[in-house]
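A short write-up of the structure that comes next.
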Amino acid sequence: MEYKFTDIEGKWKKIWEENAVYKVTEDASKPKYYVLDMFPYPSGAGLHVGHPLGYVASDIYARYKRLKGFNVLHPMGWDAFGLPAEQYAIETGTHPALTTDVAIKRYRQQMDKIGFSFDWSREVRTCEPDYYKWTQWIFLKLYGSWYNTETNKAEPIETLIAKFSANSDWNTKTEGEKQRELMNHRLAFQSYSEVNWCAALGTVLANDEIKDGKSERGGHPIERRKMRQWFLRITEYSDRLLDGLDKLDWSDAMKEMQRNWIGRSEGALIKFEVQSSKIKVEQPLEVFTTSPDTIFGATFMVIAAEHELVEALTTPEQKAEVEKYIAYVKSRTDVERQQEKKVTGVFTGSYAVNSFNNENIPVYIAEYVLGGYGTGAIMAVPADDERDRKFAEKFGLKVVEVIDKSMYPGATIEDKLGKMINSDFVNGMEVKDAIKAVIAEVEKRGIGEKKVNYKQRDAGYSRQRYWGEPFPIQYKVVGEIDPPFEGGETDDIPVPLSADKLPLILPEVSSYKPSGDGRAPLANSEEWVKNGYETDTMPGYAASSWYFLRYMDPKNKNEFAAKDKIEYWQNVDIYFGGAEHAVGHLLYSRFWNMFLYDLGLVPFEEPFKKLVNQGMIQGRSSFVYRVAARVTQSKLDNIESDEYESPAIFVTREIYDRFKENALTPNDIASIKAKEEEANALLNGKGIDGSFKLTEPLSIIMLNEYAHNFDDERLVVDLFKVNDVKKSRCGNSNSLFVANENGDCLTTREVEKMSKSKYNVVNPDDVIEKYGADCFRMFEMFLGPIEQSKPWDDKGISGVSNFLRKFWRLFYDDKGWKVSDAEPSGAEYKVLHKTIKKIAEDIERLNFNTSVSAFMIATNELGGLNSSKKKILEPLLICLAPFAPFITEELWSALGNKGSIHTAAYPKVEEKYLTESEFDYPVSINGKVRAQVKLSLDLTAQEVEKQVLELEKIKQYTNGAAPKKFIFVKGKIINVVV
RNA sequence: GCCGAAGUGGCGGAAUUGGUAGACGCGCACGACUCAAAAUCGUGUAUCGCAAGGUGUGUGGGUUCGAUUCCCACCUUCGGUACCA
């Protein structure tokens, strides 16, 4: 009988659904286990083969835990708010809710085919009012709380008001003054920060939407602009977020990234007096430094372009140059500023006084100093900091060596090691003592203090977008009695909605575009504005910061989740998701959970005990590179923003590289020439004027990997798509490609992230149709270690497909059912128990790729033994069930079992079949294997040495003499050193 | 730039605690079955060498009886870098 996966999979999917096999309820009689996946953003492109990698792994794990007797919570839902749906809405006018709904249905269909054991009755959608009601509710809690550093936890703002009330000042304040003071303490608060403002698009852009300082869409200029924004005071939790990491079963890499992100550093704040020949500046310049010991080497200062003293410090002579530089910096994102290899900066014209040696040191502005970190100003020590050194070299500034590292060979500039030199009273001290001594001196002089600084900033919580949670906030004008917020032009104060008014439903708007005046699209709703509601919405991470709690009680109307249910399920035992969330989602959700813990709303401080980061499955994109195009003169003059209207010639990367190096081979030239003639013929036919030029700028277009023949209609269509999507400046339907003799377009293939925009997506549906879901699941696991990124390549899938059919043939052959009830041999039992053990160990360790090989080995061995015995195959089937739920269910029922295999018990290993009495030792001479010898495992080291030295092969090397050394590792290896 | 990770045959990868490098699979080659093909089964397959033997886990060094594994320096690729999700 043949293995017909389509029939089998269709049949069992239906039965599982009808019997709600995967529905789970709280059951005190069983230990609980919570297996969670990072929920997906349902994009319009549907699932590609990369998405299910983690889901298959978690599904195997969840199924395994069920077989092991756990009550497993394994839910799935949708992170449904997001920019792509909004972008699509702007382009097409379709409501994001519709787009999202369609996308979710598509994802769900695709997921169902794969045979996941999710309890879909617990599905959540973050864009539904039932869900975001509670996101808003938690926001109100954050707004209504402050962080008490004495109790070291969040408390209701009322306890702070009570503290303030004890102070008579407080009661004399106006309501506006009180609110403004409270705003400085609330965990959700408003402040000002810089954003990427694009005037042409009338909107704020994510760094992601900016390429080379211009908007990705349209290439418009960007400037940094200050805006009033909501923030979450995550920095109050920095120490707890840092300390909590120690208790988590996460990879060291992941913990390290969070530690570095929080970036706790101990150092000092030091004030420098400023002198200026033209202006008298009263305010000192305050810096944060982690190396106060190097103060005698501070030969200049650098401030950020957004520093408040920039204007005051700039002398009239330097004014023009400073303004020019600031305009340049404003056009760049923080990432670009730090990435910049070129050293840039400008002198303000002013000097500060290094009060430790009374030297006047120049004050510069440079982009490598960021406004948001520390005080936005540094004392530059070119002797002890790489960037400062480069800056000093470029601007010809003095370098004074202050640390002698000669007694620490190998110590780098970053290591805080060495003895102080050229440093007055700290000369001769070790660095760590000098740090203490300088801080003590700074404090004595009253010009600074010891300070712990964090790189982490408070989390921006406002987005000028439509498709997100509305803030449950109304602005009330306080007018004359309320002085405006610092630096702000508004005179209104935010007033929270009461909890019983939630959810505050996202309104319909006339346009999804921003209002144009800098306000978000919600300002397009008259009703909304009339009510004074906040027009910003919450960011993407809001909903995902707590969704794992909602799964415990997804339908609850009165609470985000009932206490007893949270009490039962507790925190997530194992969390599967991408490493790209290391410092975003995984930090925010830990923070939210700690906050809820402080308020007594959840009984655990950390949400995710164990974390598994699955790698990304990459796609193979095909590229071609432009080497020539016919352009008109006007186009040539403005080559940057050009869209070529006439043929361009595309070649492979190799040819392009040779072209750039002026090293084209005769072959290359011939193929380009041929295309050139083709291009000219095309042009003449259309009467287009222009000259054919070899073009310099590197241009790349991507081709659909399946589009080979460029004469084919399909490729032309795809090229149009490429141009539309990428706003490509290099190709059109007349583009010409260097091809091989078959007419296949020659491309360069590169491995990169799988994405619709790169035309390298492989759809799991196609794979499942061809090979079945069980095969798809096992192949995804067989590709490699779960944590590793790897390119998709379906070449190897036939191996897994062969395995499943071979496995099937242990049960059925041409004549039909062949499983017998006979007693298996010891060899057969050995195969079984070896496999049971290996699979259980591999799953616990998440080595799913090697478990697939173990199944292959077992099947090959049983096939070799011609073994088809129920006592072997039945337990083996249970081991395979988590990996291949369909085929195992079918064979389980064929064996005569009534219930589902997925509710069976994992078989027990019987060690008696596995114990060995002998081992075939490799014997090496000086580390090289020269002989094999089978020895009993009971022998003592002396007996082994005696026997090994007797071996003819070994005697050849020892010449009968005693070896220098004899190494015997029981059960592993023997090494003879001669 | 900064933070994190990875690099092993033609390809995906294995080697779990420093102990036989290349399990398992793909591909390829040869063979069996077949009128033939598909499917299936079998044998071989890191590399140089006729062989003995040598070389080999990104590069260069080091520690060790023994290093893919530990240490130092470097190269390349990927992820993150605060408004993509």
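Reminder, nothing fancy here: chain letters follow the sequence lines and each chain counts from 1.
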Remember a base hit wins even if backbone is also touched, and classify [X] as base, sugar-phosphate or nothing at under 4.0 Å, heavy atoms.
X: A/N847; result: nothing
X: A/K255; result: nothing
X: A/V969; result: base
X: A/E367; result: nothing
X: A/H581; result: base
X: A/L205; result: sugar-phosphate
X: A/N975; result: base
X: A/S544; result: nothing
X: A/N196; result: nothing
X: A/E256; result: sugar-phosphate
X: A/V929; result: sugar-phosphate
X: A/V923; result: nothing

TODO: Indicate, yes or no, whether a donor-acceptor pair under 3.5 Å links the base of B/U16 to the side chain of A/K838.
DONE: yes

Open item on the list: If I pick the P atom on B/A15 and the same atom on B/G60, what distance separates them, to the nearest angstrom?
Closed with: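 Comparing P positions in B/G60 and B/A15 gives a spacing of 26 Å.
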
Task: C1' spacing across the pair B/C50 / B/A6, given as an integer number of angstrom - done: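 B/C50 and B/A6 have their C1' atoms separated by 41 Å.
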
For the side chain of [X], counting heavy atoms from C-beta on, which of [options] is nearest?
X: A/I967; options: B/A85, B/C65, B/U40; answer: B/C65
X: A/W261; options: B/C78, B/A85, B/A82; answer: B/A82
X: A/K972; options: B/G19, B/A85, B/A82; answer: B/G19

Open item on the list: By nearest heavy atom, map A/P40 and A/K806 onto RNA chain B; which one lands nearer the 5' end?
Closed with: A/K806

Open item on the list: Assuming nearest nucleotide by heavy-atom distance, tell me which of A/S853 and A/I974 is located more 5' along RNA chain B.
Closed with: A/I974

Open item on the list: List the residues meeting side chain to side chain donor-acceptor pair (under 3.5 Å) with A/R125, not counting sequence neighbours, and say none if there are none.
Closed with: A/D101, A/E123

Between [N] and [X], is there an OP1 or OP2 to side-chain N/O distance shorter than 4.0 Å?
X: A/R805; N: B/U40; answer: yes
X: A/N260; N: B/G80; answer: no
X: A/N849; N: B/G25; answer: no

Open item on the list: Is it true that A/T135 and A/W546 share a donor-acceptor pair across their side chains at a distance under 3.5 Å?
Closed with: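 Present: a donor and an acceptor within the cut-off.
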
